[in-house]
Amino acid sequence: MPEQTSRRAAVALATLVAGYFAMAVVAGAPNSPLTVLLPNGAGPPPWARFLADAADLDNVGRRGLTAVAWVLLVLVVAAFAVVVFEAWSKRIRLAAVLIAAFCSVLIAVVGPLLLSRDVYTYAGYGRIEALHGGNPYLTTLSAFPHDRFVAVTSVQWLHTRSHYGPLFTLASAGLARAWAGSVDGTILAFKVLAGVSIAAATGLVALAARKIRPERAALAAALVGLNPVIVVHTVGGGHVDALIAAPLAAACALVATCPAARSVRAFAITVLITLACLVKTVMLPVLLLWFAWLARPRGVRALAPHLLVVAALIVATGGAFFSASHPWAPYASLGGIESWASPSHLVARGAQTFVVSLAGTHAGHYTSVLVEAAFLLLYAVLLWRLVQRVRGTDARAPIAEWGIALFLLALSLPYLLPWYAAWFVPFLVFFEDAVLTFAGVFACIVLAFTLVPADPFHGLTTPAVMDGVHYGAAPLLLLVLIVSAARLRPPPREGADRHRRAVRALAALFASGSRG
């Protein structure tokens with residue numbers, strides 16, 4: 001453990017906090033490139049608006065503010081890179097990271113809504129259940145066009161039923177009901193929920209690292225609580241994915257502190273992972289890997305009580321939304337509809353363009369579907385490789401396999417958005433392969449640079465942002481996927497391992513005989 005924080009690390013930590021604060025002030029200016037269209041009756045926090053006025057940002061204009069926002073983003077990303085390097089080199093204290101992370105997350109929570117209108121979607125689905133008496137898994141947002149949140153929701157969500165798990169929909173309905181009369185209060189409530197979740201994940205990951213890899217505890221906290229893609233995008237945007245990071249980090253802490261598979265804590269781990277799945281169904285690979293590890297000593301029979309726990313949680317959270325015509329609707333969604341920086345969508349789009357030029361639109365469409373299916377098939381192969389690996393690990397090693405599974409999943413799905421980084425950042429410090437750890441950090445940095453400037457107030461993403469995503473971020477993330485998949489070697493088979501040992505023994509015997 002480092003005895004003190006280096007001067008370089010201290011400057012980087014202060015720069016990060018100051019940079020996040022400055023971004024919040026810029027977001028408080030009218031027509032800011034860091035915020036989005038607000039519902040009627042809502043506005044930026046008074047303190048951010050006051051400081052933006054005091055700095056005379058009103059007269060800078062959107063183009064000038066965009067330049068300022070990019071300078072600030074580059075500054076915080078560079079400072080984050082320095083913090084990661086110093087933490088990796090063991091020149092930064094955990095306490096310093098935790099203090100800076102607390103300040104950064106707090107600024108993101110109390111600052112303006114940043115870069116995304118997904119909170120309006122969450123509130124809209126919650127209000128369908130809480131205020132309009134409907135079922136968000138059966139009713140679309142377009143059925144309530146006069147709702148203040150629906151009026152400013154992104155167009156692609158208006159004719160879509162809820163893509164979120166029942167646990168989050170219950171939480172959304174609760175927040176919508178509690179702050180039914182306050183638009184600002186509803187937005188702040190979702191941001192507080194995201195901020196508390198990320199703060200908890202930061203502390204829990206640091207706790208797990210202190211048990212398993214104490215020299216990496218500061219790095220673990222920095223990768224979650226100081227990460228620009230987490231602070232700016234996930235917390236600043238009040239995103240649901242923060243609620244995934246918290247239970248998974250808690251599961252990591254429990255695995256680290258009590259590895260016994262039959263203990264009460266094993267059931268607690270099952271509960272935590274299941275709760276993450278009930279926020280977004282795509283977390284199922286973690287549950288699969290956990291069950292694969294649990295089944296090692298006694299086979300599938302050991303899973304029976306855990307499966308009962310899972311079933312009870314499914315019934316408890318989904319019962320309020322049950323429909324005989326669509327019984328699986330709350331659990332069938334993957335949680336997203338936007339491709340954004342997805343590597344699979346990049347390749348599919350290129351293949352589709354090529355095939356359309358040769359065989360027409362229909363052939364191009366089917367080619368796109370096949371390419372995206374091929375990426376998912378590749379992920380299935382890699383996940384099976386992880387299942388094989390996790391069955392041969394000790395009690396604490398499954399944590400790394402969970403993180404690798406979610407990292408590869410985020411890169412393999414047909415849709416990828418910046419806040420999906422919250423799925424895997426709690427695990428990066430536990431990867432045995434440093435290349436995978438830094439591949440994850442690099443992916444976070446790439447995603448952090450997307451979505452700036454935010455949607456202008458007429459609701460359409462600017463061509464420059466889309467070009468940056470499609471021709472900049474997506475190819476880089478495709479490279480990350482290729483490198484990461486290549487690093488995931490299968491575990492040696494037992495027979496092959498015995499064969500290699502026998503060959504080495506014969507070689508040693510021959511060498512000793514030759515010397516004699």
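Worth saying up front: this structure is predicted, and the values here are computed from it rather than measured.
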Checklist outcome for this item: Output for pair (I273 CD1, L288 CG), nearest 0.5 Å, gives 10.5 Å

Checklist outcome for this item: The complete set of side chain to side chain donor-acceptor pair (under 3.5 Å) pairs with one or both residues in residues 443-453, sequence neighbours excluded, reads W340-T450

Checklist outcome for this item: side chain to side chain contact (heavy atoms under 4.5 Å, CB included) with T153: of V119, D147, D118, T121, only one passes, and it is T121

Checklist entry - Are any side-chain N or O atoms of K211 and backbone N or O atoms of A253, one a donor and one an acceptor, separated by less than 3.5 Å? => result no

Next on the checklist: Using a 3.5 Å distance criterion without hydrogens, assess whether the side chain of S342 forms a donor-acceptor pair with backbone atoms of A474.
Outcome noted: no

Next on the checklist: Quick one: does any side-chain atom of S104 pair with a main-chain N or O of A100 as donor and acceptor, under 3.5 Å?
Outcome noted: yes

Checklist entry - Do the side chains of F424 and L411 get nearer than 4.5 Å, heavy atoms only? => result no

Checklist entry - Quick one: CG on D58 to CZ on R49, what's the gap to the nearest 0.5 Å? => result 4.5 Å

Item to check | side chain to side chain contact (heavy atoms under 4.5 Å, CB included) partner of L428, chosen from L223, N227, I404 | outcome: L223

Checklist entry - Once you round to the nearest 0.5 Å, how far does CH2 of W419 lie from CG of L447? => result 10.0 Å

Checklist entry - Looking at side-chain heavy atoms only, is the closest gap between V235 and Y20 below 4.5 Å? => result no

Checklist entry - Partners of L115 by side-chain contact (heavy atoms from CB on, under 4.5 Å), sequence neighbours excluded? => result L34, V232, H233, V452, A454

Checklist entry - Would you say F102 has more than 12 foreign heavy atoms packed within less than 6.0 Å of its CZ? => result no

Checklist outcome for this item: Output for pair (I399 CD1, L254 CG), nearest 0.5 Å, gives 9.5 Å

Checklist entry - Run the side-chain contact (heavy atoms from CB on, under 4.5 Å) check on M283 and L248 step by step: do they pass? => result CA-CA 10 Å; M283 297 299 108; L248 292 182; 4.1 Å; yes

Item to check | Sub-6.0 Å ring centroid separation between F427 and F407 | outcome: no

Checklist entry - Under the ring-ring contact (aromatic ring centres under 6.0 Å, His included) criterion, do F449 and W70 qualify, and how do the steps go? => result CA-CA 9 Å; F449 278 112; W70 270 97; 5.8 Å; yes

Next on the checklist: Evaluate L94 against R210 for side-chain contact (heavy atoms from CB on, under 4.5 Å), listing each step before the verdict.
Outcome noted: CA-CA 10 Å; L94 174 60; R210 284 176 67 89; 3.8 Å; yes

Next on the checklist: Return the CH2 to CD1 distance between W290 and I269, rounded to the nearest 0.5 Å.
Outcome noted: 4.0 Å

Next on the checklist: Side chains of F430 and T437, heavy atoms from C-beta outward: is any pair under 4.5 Å?
Outcome noted: no

Item to check | side-chain contact (heavy atoms from CB on, under 4.5 Å) between L38 and V152, intermediate numbers included | outcome: CA-CA 7 Å; L38 294 172; V152 290; over 6 Å; no

Checklist entry - Sequence neighbours excluded, which residues qualify as salt bridge (charged side-chain N to carboxylate O under 4.0 Å, His left out) partners of R349? => result none

Next on the checklist: Check whether T186 reaches the backbone of W179 with its side chain - one donor and one acceptor, N or O, closer than 3.5 Å.
Outcome noted: yes

Next on the checklist: Any side-chain to backbone donor/acceptor pair from S162 onto Y164? Under 3.5 Å, distance only.
Outcome noted: yes

Next on the checklist: Please determine whether side-chain contact (heavy atoms from CB on, under 4.5 Å) holds for the pair T367 and F354, giving the CA-CA distance in whole Å, both sets of side-chain angles, and the decisive distance to 0.1 Å.
Outcome noted: CA-CA 10 Å; T367 300; F354 177 75; over 6 Å; no

Next on the checklist: Between W157 and F149, does the ring-ring contact (aromatic ring centres under 6.0 Å, His included) criterion hold? Intermediate values first, please.
Outcome noted: CA-CA 12 Å; W157 286 99; F149 285 100; over 10 Å; no

Checklist entry - Can Q352 and H365 be said to form a side-chain hydrogen bond (donor to acceptor under 3.5 Å, both in side chains), step by step? => result CA-CA 6 Å; Q352 181 179 14; H365 170 72; 5.0 Å; no

Item to check | Main-chain N/O of S172 paired with Y125 side-chain donor or acceptor, under 3.5 Å | outcome: no

Next on the checklist: Under a 3.5 Å distance rule, please check whether R487 uses its side chain to pair with a backbone N or O of D433 as donor and acceptor.
Outcome noted: no

